[in-house]
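Scroll down for the structure; my scribbles are underneath it.
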Amino acid sequence: MTAKRSFFTAAIATALVCTAITATAQSARDQISIVGSSTVFPFATVVAERFGQTTSFKTPKIESTGSGGGMKLFCSGVGVQYPDITNSSRRIKKGEFENCAANGVTDIIEVLIGFDGITLANSVEADILEISRKDIFLALAKEVPNPDGGDELVENPYQQWSEVNPDLPDIDIEVIGPPPTSGTRDAFVELAMEGGCSAIESIAALEDTDEDKFKAVCHTVREDGAFIEAGENDNLIVQKLESNRDALGIFGFSFLEQNSDIVQPSLIDGFEPTFESIADGSYPVSRPLYFYVKKAHIGVIPGIDDYLLEFTSEGAWGEDGYLADKGMIPLDDDIRTESAASIAAFETMTMD
Amino acid sequence: MTEQTRQTQVQAMSDTTIRVRQSLKKRYAREKRFRLFGMIAIIASLTFLAVLIISITIRGLPAFKQTFINLDVTLDAQTLGVDETADENALRRANYNGAIRNSLLELFPDVSSRKEKRALYSFVSKGGQYDLQAQVMADPALIGQTVNVWLPVGDDTSGYLRGHIDTTLPEKKRRFKDNQIAWVEELRSNGQIETRFNSTFFSRGDSREPELAGIKGSLFGSLLTLLVTLTLSFPIAVATAIYLEEFAPKNRWTDIIEVNINNLAAVPSIVFGLLGLAIFINFFQLPRSAPIVGGLVLSLMTLPTIIISARAALKSVPPSIRDAALGLGASRLQVVFHHVLPLAMPGILTGTIIGMAQALGETAPLLMIGMVAFIVDVPTTLTDPATVLPVQIFQWADLPEKGFVEKTSAAIMVLLGFLILMNATAVFLRRKFERKW
């Protein structure tokens, strides 16, 4: 009996402690909470830091959760416990937009902030590679059209670059890149490999007849060791290129800029990744960077409107702004002026 | 017993002796080999450890030094865009960078093209303007005067001055160009460049500029988190261990509890993070990224470790102590708290410190509860957003700027220092208070 009674007393005491914890839980928040893409993270943090230094508001808190994870948190609902802003290295998907609306997040302000180039690079001690997106696809896809002719797909037989394209050097295909969980990998596969895929007639024809098959063929990277997954850390890929001059690496443009003494970019479809070529769209492998703001939180969480102003000021996202110094490729002048105006008016987005 | 049989006996004996001798040789050789393998294993692991520590130290040491540039900055109202009557917000937003740039241009009047100007401006860290801002906000009367200040140099300049930039490379491939080298050398010969101890590293929170980034924020985050972990897990774990070891009846229920505690100790830490997300954040609505939630999650993770070691420590106290105390009329509670617990304390503390050291190095569970974040302000309360040391290391390792390489190693050195300190305390406590029976 006593054992039973003391057990119940203990249970009641635990329940009381839990209630006390809930009671002391948060009420208001005076700090902007940002989540989302790890690609936008290095840029958003610069703005946040400056915002914290030059205004009376607290420095926003930025979590690097990845674009998808950030969108999920962002769309969970309206209220102080949910993030105010999410960064994304792609546009919001229709499903995500609907999910947002289902949870009451209906008014969303979309901000396109600029571009990020994805580069293919090798050690400065090797020769600069001139490559086309078709070569990239043929060298890295799991299945490619039979090189002996015919439309059937076979396991990728190419071992050397020169087998893919006689103009390329006689070295083994060895590409170090990020794992499938990375946004950089998604963008590379979509822009470089799918772009090369469409250049092959037999596969391009699939796009109209069997879109799933088309995506599967274009987006699947070979797994026989020619493509090496190096983890999410771009610095690691740069270090590996330094020690292996025959290898190529895939990483973001800002890492190329910072490491120009170690690595050099390959020319893709004849274009070198530079500030200008990415900005005007001639360099084919670049992706847009966005962030999304919950309109319902403006005025509730102090400082969101000022953060928007700071991010869209010429000193930040302009051609000579500090984001460009960090390696972000700015938008065109007209687009910047136009969208800065619509953002200042808190115009919300629609999804078609 | 003839002579012959005796001889055969001797013969047989010597045969066995020979066999024994031979096998003895083999057995000795086997033991020697085993010792050799042991030595090799130890030497190999010591070598790896030495390589790790030496490479981290070599890379991290420069981070404890910082280079400054001396400038005469004219704070004229026109450049700043404010005068001394301006309010606080206006003073905060004033164009301090413009004032710094003007003073750089004064030093090198023949710099004119946009490209050259940008190259020159990169000498001073972006944080320089915040130093000026702080000075002016403390004393707005400075506007209109010229102040002599030491400002931190930018990332590339700092890399050059530390010899990280290979000047033999062709100019195109270097981030630090020939004209920049000439300017810096001129400044250096004028005594306008100086290297000092990097107090910024210990006095500031995180930053996106390597020369401004400090570990104070994450260090405080770690301390607050561990404080919560310790205050929660230590009493609960010790109480659990005492109850299970000294009072609980031995039946099926306590067996199940024991098995579960042992299993929990082996659960991957990310699972505790998911649990924390579901219970503390989603159900109890505690704030994300807060040390209190981090501490709660880490206490869940360290509880089994401490319970197991505390039970082992209690078990190792000889039953004669209990019997003697009971024989002298002590109650069971008195036996435990007056005799058993004090004798078991060194063992319990060792287990606790090892559990805390584990918690200090943990990142995976914190990912789920939002403590992997960019946080500039140094946390002061349990609900302020915070991050912890290992997360800070992980984040710095991922940034493109070269200056973060040394910051990463320096932060690793600080973390290792804390771990060594904690483990040393554990060893000390054991040595000092442990009793042998």
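Residue numbers begin at 1 in each chain, while the letters A, B, ... track the order of the sequences.
- Heavy atoms of other residues, nucleotides or ligands lying less than 6.0 angstrom from CZ of A:Phe275 number more than 12.
- A:Glu63 approaches B:Gly370 most closely through the heavy-atom pair OE1-CA, 3.2 Å.
- Interface remark: of the candidates B:Glu88, B:Glu401, B:Glu209, B:Glu401 forms the most heavy-atom pairs closer than 4.5 Å to chain A.
- Of the atoms belonging to B:Ala397, heavy atoms from both backbone and side chain fall under 4.5 Å from chain A.
- Using a 4.5 Å cut-off on side-chain heavy atoms (C-beta onward), A:Gln258 and B:Phe404 make no contact.
- Residues satisfying the salt bridge (charged side-chain N to carboxylate O under 4.0 Å, His left out) test with B:Arg93, not counting sequence neighbours, are A:Asp306.
- Side chains of B:Arg208 and A:Thr45: a donor on one and an acceptor on the other come within 3.5 Å.
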Original post:
Going through the distances and angles, do A:Ser33 and B:Arg288 end up as a side-chain contact (heavy atoms from CB on, under 4.5 Å)?
Top reply: CA-CA 9 Å; A:Ser33 166; B:Arg288 268 180 88 81; 5.9 Å; no
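- Heavy-atom contacts from other residues, nucleotides or ligands closer than 6.0 Å to CZ of B:Phe220 number 12 or fewer.
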Subject >> Verdict with reasoning, A:Asn259 to B:Lys402, per side-chain contact (heavy atoms from CB on, under 4.5 Å) >> reply: CA-CA 8 Å; A:Asn259 294 292; B:Lys402 288 252 175 91; 3.0 Å; yes
**OP:** Please assess A:Ser64 against B:Val372 for the test side-chain contact (heavy atoms from CB on, under 4.5 Å), listing each intermediate value before the final yes or no.
**Re:** CA-CA 7 Å; A:Ser64 168; B:Val372 178; 5.6 Å; no
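- Interatomic distance, CG of B:Asp206 versus OG1 of A:Thr59, reported as 10.5 Å (0.5 Å rounding).
- Using non-hydrogen atoms only and a strict 4.5 Å limit, the part of residues 117-127 of chain B facing chain A consists of B:Arg118, B:Lys126.
- Scanning both residues, B:Asp398 and A:Asn235, for their nearest heavy atoms gives C-ND2, 4.0 Å.
- Only the side chain of A:Ile262 comes within contact range of chain B, with heavy atoms under 4.5 Å apart.
- B:Pro385 places a side-chain heavy atom less than 4.5 Å from the side chain of A:Gln31.
- Residues A:Gln53 and B:Arg92 come closest through the heavy atom pair O-CG, 3.4 Å.
- Only the backbone of A:Pro60 comes within contact range of chain B, with heavy atoms under 4.5 Å apart.
- Distance check, rounded to the nearest 0.5 Å: OG of B:Ser207 to CZ of A:Arg50 gives 12.5 Å.
- In terms of the salt bridge (charged side-chain N to carboxylate O under 4.0 Å, His left out) criterion, A:Glu49 has no residue partners (sequence neighbours excluded).
- Applying the 6.0 Å contact sphere to NZ of B:Lys177 captures more than 12 heavy atoms from other residues, nucleotides or ligands.
- Contact annotation for A:Glu257: both backbone and side-chain heavy atoms come within less than 4.5 Å of a heavy atom of chain B.
- Contacts between A:Ile34 and chain B at a heavy-atom distance below 4.5 Å are absent for every atom of the residue.
- Not counting sequence neighbours, the partners of A:Ser266 by the side-chain contact (heavy atoms from CB on, under 4.5 Å) test are A:Leu120, A:Leu129, A:Leu248.
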**OP:** Begin with the C-alpha distance, continue with both residues' side-chain angles, and end with the deciding distance and a verdict on side-chain contact (heavy atoms from CB on, under 4.5 Å) for B:Asp377 and A:Lys58.
**Re:** CA-CA 8 Å; B:Asp377 303 323; A:Lys58 279 193 179 176; 4.0 Å; yes
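- Looking at every heavy atom in both residues, A:Ser254 comes nearest to B:Pro400 through O-CB, 4.1 Å.
- Summarising the geometry, atom CG belonging to A:Asp234 is positioned 10.5 Å from atom CG belonging to B:Leu399; distances are rounded to the nearest 0.5 Å.
- Atom CZ of B:Arg204 is surrounded by more than 12 heavy atoms from other residues, nucleotides or ligands within 6.0 Å.
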